[in-house]
Each structure stands twice: as structure tokens, then as C-alpha cells.
Amino acid sequence: MANPVALSPEARAEALVRLGEGELDVLVVGGGVVGTGAALDAATRGLSVGLVEARDWASGTSSRSSKLIHGGLRYLEMLDFRLVAEALKERGLLLQLLAPHLVRPVSFLYPLQHRFRERPYVGAGVLLYDVMAAASGTSSGLPRHRHLLKRQALREAPALRSDALVGAILYWDAQVDDARHTMFLARTAAAYGALAANRTRVSRFLRQGERVVGAVVTDLETGNETEVRAKQVINATGVWTDDTQAMAGTRGQFHVRASKGVHLLVPRDRIISRTGLILRTEKSVLFVIPWGRHWIIGTTDTDWTLDKAHPALSSRDVSYLLDHVNRVLATPLAAEDVEGVYAGLRPLLSGEAAETSKLSREHLVAHPVPGLVVVAGGKYTTYRVMAKDAVDEAARGLDEKVAPCVTQRVPLLGADGYPALWNSRHTLAKRSGLHVARIEHLLNRYGSLLHELLAMVVADPSLGEPLPSSDDYLRVEAVYAVTHEGARHVEDVLARRTRISIESWDRGVDAARTVADLMAPCLGWDRARQDREVDHYLKRVAAEREAQQQPDDQTADAVRLGAPDIIPVR
């Protein structure tokens, strides 16, 4: 097991210095799930690796997904058996070995609305889903699907209207806190030797003739530039793929289109159910996903050509999701029930089809110019396969023989010993003085690294207190986010290291000042800097709330852009 190094401010500064020394085997551009996965893949093959991200780890698509690790049941209907089989295998690896502290099972109820023809059709699909999972060799731990009569289904989900179903099928998938998982990939890559620096933007590529030989990166916190030499550069920038490719003077062999997916969070007591729901829509499917004290309702699938960094959510998006979920609920949801919202952009490989829901979720890897590999498309669940394929392609451009991928056997930091610690959670609670529910919360966010946080609470018991208006999260988590998880700004803590920005009624406004106070000693902030951080966060929340009232994408986007980034990324 790798030594659990910290993504501390000091480690970031050292990484930026070392990136400018010598020549790397691989420089990965992009700190989403695919980029961090590629850095981990390359580092565990014994390659020297750099990893840079212009914003924060997972600040784009990788913190704004449906938070599901799944095979993609609807892809069976499209006869995309290879993609489903691949994703089911990855689901099992994540649950059992790679990240059991971050990925956990979740059940879904599929209501049947037609008495005779629907059950055999859907049942055959779900049966095939379970069989393919079993064939992958990684399916243990998830129950098989069950057929339910109407009365059985209503016992599982009393919130459903009696006339909305004639029966149901219950099946299982898995879910993840996507932002934390992506950050853990970056941290694990660093533990295996990768030089990782967020808030570091590629300004331009270095060229020798046609060949890309590295990049000039700018530390957006200081403005300092560093020339990073690398034998191979991997472009893993998701919806920014075409923009990054343009810096290399090539558009590549494929293009990436952005599709907006919107999600709403409502309190758990608004929908009385012991299971999640999966509902048919005219275009795709709609999920109602259990998420702690909340339900996540999503998603939409619409073309997006506006600001990529902060895709805005409009009142039309909210109405669309509420209208569809209310068709099956005995007690309809109102806009006032919506506690949090978020929108993300899927990077879809551009095709001829007009509807974005029909664009490819497959991934592609290309070598458009010597020294530059691009990887794009895919889905969150198959990030590890995408990373492997990208590093395989980069390895072909290296002179020496490169070891094969081993990430299918490399657990993320925090995974080692997690099951035993979970079984010992009551003992841990007694020793620490924290309630067992707190220990469970910490175990499911940090795994075996929980001991690092408990040691900090022993040294300063005040860190064991909850954050204001965000009772699920402790003060120690804000400090740890800076000292160990690479958080540089208040927004990083409230939106990604924790999920306070979408889980609290005030979206983190009340906690912002306390978080800034806790971060200040770790980052050397004076009072003026703390005030600036808090002011920026409050403006972000206000802009998001106002955008949510706008009737369409264009006006919502214009309003959201009224709150500038804490550090502009040009």
C-alpha cells in the first residue's frame, strides 16, 4: 500500500518546482476523473508523471454527475453489450477492492405501467444485466433483482401513486461521491510519485517541429510560469478537449460536444421510500437517487454551447424534472421543496445525430500529433479503462518498454482496512468521544484515513464540532481539506471536499465565514483575503439562485456569469 501523502500547500509548491526540473515521461492535463485516473495509471507503471488542473480537482463534470457507478441499464436497450459489460466489471472492482469506502450499493425500483407486455421485456433486460455482472467475476456483494407485485412495490415506495404502476422490478447498482473519488485518485497518484498541482493552467504547448514536447504551465495563484518538459502529453480535459487541442494547432480526429445534465436535491422526507426510483421519460430515464438526508432527482440531456465552467440551471430545467417525477408521486413536489441544484456537462463524442442523448458515450483515444495523446467521451464508471487506454497509447511513443496497467489491483488511499474499521465503528466512537453516526460519516468519506482526522480532533477538540447550518460536517473536515486534500479556496471546501453547497438550505452561506477562518492559518490568509473568499462565495450562491429563476439557458447563463471566479482562468 502506498504511503498516504498529503495534497498539502507545501506539496503543491514542491510539485510546481519539480515539474520544471528534467523531463517527465508523461504530463497529464486535466484534473477530472479521467485525468487523475491516467496519472495514477502512469505512476503505477513506474513512469515519471505530472498532473495539472486549471481549477480544482473535479471542478468540472467530475463533481456534477448523477453520482452513480452503474452498467448503464438503458444501453442494453441500445444493444451496446460491450459498454455495459465493461462498466459492470468496473462497478464490481470499485465496490470490492478499489474504493469500498467511497462506493456503495443502492437499490432502484422500476415501476411497471403495462400489465402484460412490459414485465417480460424489462425483466429480461434486468436479468441480462445481473447475468453480465456475474460473468464479469466482480458481482459479489450486490443482491439479484426481484419482481414485485403492486402491493409489494408500494411497501418499498409508499410515495408512489397507486395508479402509477401495476407492479415493479427492484434491482441494484452503486453510487459514489464523485468529487471525493476524483480527489482520492489525484492523492493516490501523488502517493505513487505523481507531481500534482491544481489551479495550474496550461498556457501553451512546447513544440519541436511537429512534435509536442511539453507545456508551459501557469500557477494561477501566483502568476508564475514553468516550462514542463515531457516525452508524452495526455489531453484529458473533457468538454474542453477541442479548446486544448486548438493550442496544439490541431482539432484532432474527433470533436467533443457538451450535453447539460441537471440535478435537484430535495429533503429525504419529501419522498417516502426505502429505495431509489428509475422512471421512463420520452427521451431517456429519470433517476430518484437516495443521497444521505436527501434525494437527487435527475437528469436532463440537452445541448449546451454556453459557458463550460459554470453551466447554469434555469427554471425550465427545474420544471422539467419536477413535472416528470410528479407524474408518479402521490404527494407532488413543489419548487419550494428543492434544497440544492447542480448542473454538469457530459463530454460526448460528436456524431451526426441531432439529439445529444444519442451521441456516443463510448470513449476514443487518438494521437493527433507526435507527443500528444487525447482521450475523450466515455462515462464516469469506466474512467479506469479510459485512463488505461490513454496511457497505453502514450506508452507507444516512449522509447523504453513500459509495464502493463495494474490499476485493477491498486486500491485508492483509504480503502485498505475499511471493512474492518466499519465493523469496529462502535469501538472507534467510544475511543474518540464522537457519536457512532459521526464515525460512520467519516469512514464513508475518508476510509482508513479517518485516523488522521481523529488525531487532529484530539489535538484540538473544537475541531470535533459541526460547521454552522451544516450539521453533517465537522470543522476538522475543513482544515483537513486544506492540509491533506488540496483545497485552496472556500468554494473548494463547500462545493467539493464537502457537499454543503448542494445539501444545505442556505447552500453554505452560514458556514462560509467559519470555513474561511479555519482555512486561513493553513494558507497564510490575512483578514482581507478571508473577506474576499467569503464575498466571492456569497456572490456565487446569489448568482446561482437568481439563474435558477430565469426562463431559459441564455438568460440563466448571463446571470450566473455575474459572479466571477475567485481566480480568473483565461
Side-chain angles (χ1 to χ4, degrees), residues 1-7 33 36-37 40 44 57-58 67-70 89-107 137-143 172-192 290-292 380-381 383-384 406-432 434-458 464 472-474 476-477 480-481 483-486 496-499:
M1 189 66 195
N3 181 39
V5 302
L7 292 177
V33 69
T36 55
L40 176 59
T44 52
W57 308 121
K67 316 201 186 308
L68 292 177
I69 298 295
H70 63 135
K89 179 180 179 181
E90 294 303 311
R91 182 190 73 178
L93 283 172
L94 285 161
L95 276 166
Q96 294 173 31
L97 174 66
L98 303 184
H101 55 315
L102 303 172
V103 180
R104 54 198 54 87
V106 60
S107 64
T138 63
S139 66
S140 65
L142 285 183
W172 291 79
D173 256 320
Q175 69 178 165
V176 66
D177 185 328
D178 48 7
R180 290 201 62 74
H181 175 253
T182 298
M183 179 279 299
F184 262 104
L185 283 167
R187 190 173 170 190
T188 308
Y192 283 99
W291 181 258
Y380 194 103
T381 303
Y383 80 89
R384 195 192 64 81
V406 297
T407 53
Q408 74 275 15
R409 301 192 302 274
V410 179
L412 300 191
L413 293 179
D416 186 42
Y418 166 77
L421 286 170
W422 179 260
N423 293 340
S424 305
R425 60 194 185 278
H426 292 281
T427 303
L428 288 168
K430 288 177 185 174
R431 287 179 187 164
S432 67
L434 295 175
H435 191 278
V436 68
R438 296 284 189 204
I439 297 296
E440 292 176 353
H441 161 90
L442 293 173
L443 278 171
N444 285 332
R445 287 168 49 75
Y446 305 92
S448 57
L449 301 185
L450 151 102
H451 295 300
E452 296 181 341
L453 289 96
L454 294 182
M456 293 167 68
V457 173
V458 169
D472 284 346
Y473 297 96
L474 301 179
V476 69
E477 296 183 76
Y480 190 84
T483 58
H484 290 73
E485 297 181 340
R496 286 173 291 277
R497 303 308 182 278
T498 71
R499 306 320 288 267

Once you round to the nearest 0.5 Å, how far does [atom1] of [X] lie from [atom2] of [Y]?
X	Y	atom1	atom2	result
Arg409	Leu93	CZ	CG	11.0 Å
Leu102	Leu443	CG	CG	11.0 Å
Trp291	Lys67	CH2	NZ	5.5 Å

Would you find a donor on one side and an acceptor on the other, under 3.5 Å apart, between the side chain of [X] and the backbone of [Y]?
X	Y	answer
Ser448	Asp416	yes
Arg431	Leu428	no
Arg104	Gln175	no
His101	Gly417	no
Arg445	Arg497	yes
Arg91	Ala174	no

Query - Aromatic plane relationship, Tyr383 with His181 - under 30° parallel, 30 to 60° tilted, over 60° perpendicular - result: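 His181 and Tyr383: perpendicular rings.
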
Quick one: sort the Tyr418 and Trp422 rings into parallel, tilted or perpendicular, breaks at 30° and 60°.
->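 Tilted.
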
Starting from the C-alpha separation in whole Å, work towards a yes-or-no answer on side chain to side chain contact (heavy atoms under 4.5 Å, CB included) for Arg187 and Leu449. CA-CA 12 Å; Arg187 190 173 170 190; Leu449 301 185; 3.4 Å; yes

So do Leu98 and Arg384 actually touch side chain to side chain, heavy atoms under 4.5 Å?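 Heavy-atom side-chain distance check passes, below 4.5 Å.
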
Notebook entry, point to check: Heavy-atom distance under 4.5 Å between the side chains of Glu452 and His484, does that happen here?
Noted result: yes

Note to self: For the aromatic rings, using the six-membered ring if either is Trp, is the centroid distance between Tyr473 and His441 under 6.0 Å?
What the structure shows: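 Tyr473 vs His441: aromatic centres under 6.0 Å.
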
